[in-house]
Amino acid sequence: VSDVAALHRLNTAFNGDCTTEELIIDSLQYNKSEIVLIAYANSNPAGFLCGEICRSMCYKTLHGTVGELFVEEKYRRQVIAAKLIQEIENIFRKMDIFIVDIATSVENHTAQAFYSSCGYTGKTKMIYRKKI
Ligand SMILES: CC(C)(COP(=O)(O)OP(=O)(O)OC[C@H]1O[C@@H](n2cnc3c(N)ncnc32)[C@H](O)[C@@H]1OP(=O)(O)O)[C@@H](O)C(=O)NCCC(=O)NCCS
């Protein structure tokens with residue numbers, strides 16, 4: 001929660017103006033299925049990652065997803081995202097989660113190159129969305 005201002009700023013840089021510090025605090029405190037990691041570079045907030053613990057009655061095991069990953073432009077190519085991914089994988093392993101899914105857009109070649117460098121392989125899948 002002490003990172004809320006930094007998380008709000010980083011999230012706004014990535015996703016635009018789509019939440020508030022109050023809602024972030026509430027989510028950090030009460031959303032137990034989300035793990036939020038923040039990275040600092042020389043005491044400056046540099047990036048963040050949101051991992052989710054997914055559970056279904058259809059499967060006996062949990063699985064993990066990474067929904068959001070962002071590193072500020074001036075801190076890119078300094079292995080910050082790779083460290084965030086390593087850290088969420090360590091946390092997931094400790095929870096007996098051994099499968100991690102990450103969705104990114106087909107146009108996001110930087111993210112694709114990054115995830116490949118971390119050992120992820122691309123699977124073709126379509127996401128259907130409807131505004132209801
Ligand atoms: C994708 C992103 C998180 C990578 O962050 P980063 O901290 O720069 O990544 P790292 O420094 O840990 O990169 C590790 C490796 O990934 C690959 N990689 C990262 N950026 C790359 C790029 N622009 N082009 C090609 N390969 C790249 C490289 O193999 C790199 O190792 P190297 O620098 O030794 O060659 C960052 O570019 C970003 O925030 N992009 C905008 C947000 C976004 O698209 N997020 C993903 C949405 S799901």
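The residues of the chain are indexed from 1 along the displayed sequence. For ligands, and for the atoms within them, numbers begin at 1 and follow the listed sequence.
Between Arg9 and Glu21, no side-chain nitrogen of the basic residue sits less than 4.0 Å from a carboxylate oxygen of the acidic one, so the salt-bridge criterion is not met. Between Glu87 and Lys83, none of the side-chain N atoms (NZ, or NE/NH1/NH2) sits under 4.0 Å from a carboxylate O, so this pair counts as no salt bridge.
The nearest heavy-atom contact from the protein to atom 23 (N) of ligand 1 is Thr110 CG2, 3.2 Å. Among protein heavy atoms, atom 42 (C) of ligand 1 sits closest to Phe14 CE1, 3.5 Å. Protein heavy atom at the shortest distance from atom 37 (O) of ligand 1 is Arg76 CD, 3.4 Å. Among all non-hydrogen protein atoms, the one lying nearest atom 14 (C) of ligand 1 is Phe114 CD1, 3.7 Å. Among protein heavy atoms, atom 22 (C) of ligand 1 sits closest to Arg77 NH1, 3.1 Å.
Both Val4 and Tyr40 sit in one connected hydrophobic cluster of ILVMFWY residues. Membership requires side-chain heavy atoms under 4.5 Å apart, directly or through other members. Grouping the Ile, Leu, Val, Met, Phe, Trp and Tyr side chains by contacts below 4.5 angstrom, directly or via other members, places Leu84 with Tyr75.
Listed for the Glu52 side chain is no donor-acceptor partner under 3.5 Å among the backbone atoms of Gly64. In terms of modelled atom types and a separation under 3.5 Å, the side chain of His8 and the main chain of Asp3 share no donor-acceptor contact. In this structure a side-chain-to-backbone donor-acceptor pair under 3.5 Å is missing from Ser27 to Ile24.
Contacts between Gln78 and ligand 1, counted as non-hydrogen atom pairs separated by less than 4.0 Å, involve the backbone only. Contact annotation for Ser117 and ligand 1: only side-chain heavy atoms (C-beta onward) come within less than 4.0 Å of the ligand. Heavy atoms of Val66 found under 4.0 angstrom from ligand 1: none, in either backbone or side chain.
Qualifying side-chain contact (heavy atoms from CB on, under 4.5 Å) partners for Ile53, counting only residues two or more places apart in sequence or in other chains: Ile35, Leu62, Phe92, Met95, Ile97.
Residue Tyr115 places a heavy atom under 4.0 Å from ligand 1. Contact annotation: Ala103 has at least one heavy atom less than 4.0 Å from an atom of ligand 1.
Set against the non-hydrogen atoms of Ala82, the atoms of ligand 1 under 4.0 Å away are 12 (O). Here is the list of ligand 1 atoms found below 4.0 Å of a heavy atom in Leu69: 3 (C), 42 (C), 43 (C), 45 (N), 46 (C). Of all the atoms in ligand 1, the ones that sit under 4.0 Å from a non-hydrogen atom of Ala81 are 3 (C), 4 (C), 5 (O), 6 (P), 7 (O), 9 (O), 12 (O). The atoms of ligand 1 that sit less than 4.0 Å from any heavy atom of Val79 are 10 (P), 11 (O), 12 (O).
Of the options Asn108, Ile80, Thr104, Ile102, the smallest heavy-atom separation from atom 44 (O) of ligand 1 is shown by Asn108.
Checking only distances, Tyr75 never comes within under 3.5 Å of ligand 1, N or O to N or O. Residue-to-ligand polar distances keep Phe70 apart from ligand 1: every N/O pair is separated by 3.5 Å or more. By the 3.5 Å distance cut-off applied to N or O atoms, Ala113 is not counted among the residues near ligand 1.
Among all heavy-atom pairs drawn from Lys32 and Gln29, the shortest one is NZ-O, 2.8 Å.
Distance screen at 4.0 Å: atom 39 (O) of ligand 1 has a protein heavy-atom neighbour inside the cut-off. Atom 34 (O) of ligand 1 lies below 4.0 Å from none of the non-hydrogen atoms of the protein.
For the 3.5 Å distance criterion, the side chains of Asn108 and Thr110 fail to qualify, holding no donor opposite an acceptor.
Once rounded to the nearest 0.5 Å, the distance linking NE2 of His63 with OG of Ser56 reads 9.0 Å.
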The test is side chain to side chain contact (heavy atoms under 4.5 Å, CB included); show your working for Leu49 and Phe70 and say whether it passes. CA-CA 7 Å; Leu49 176 155; Phe70 173 75; over 6 Å; no
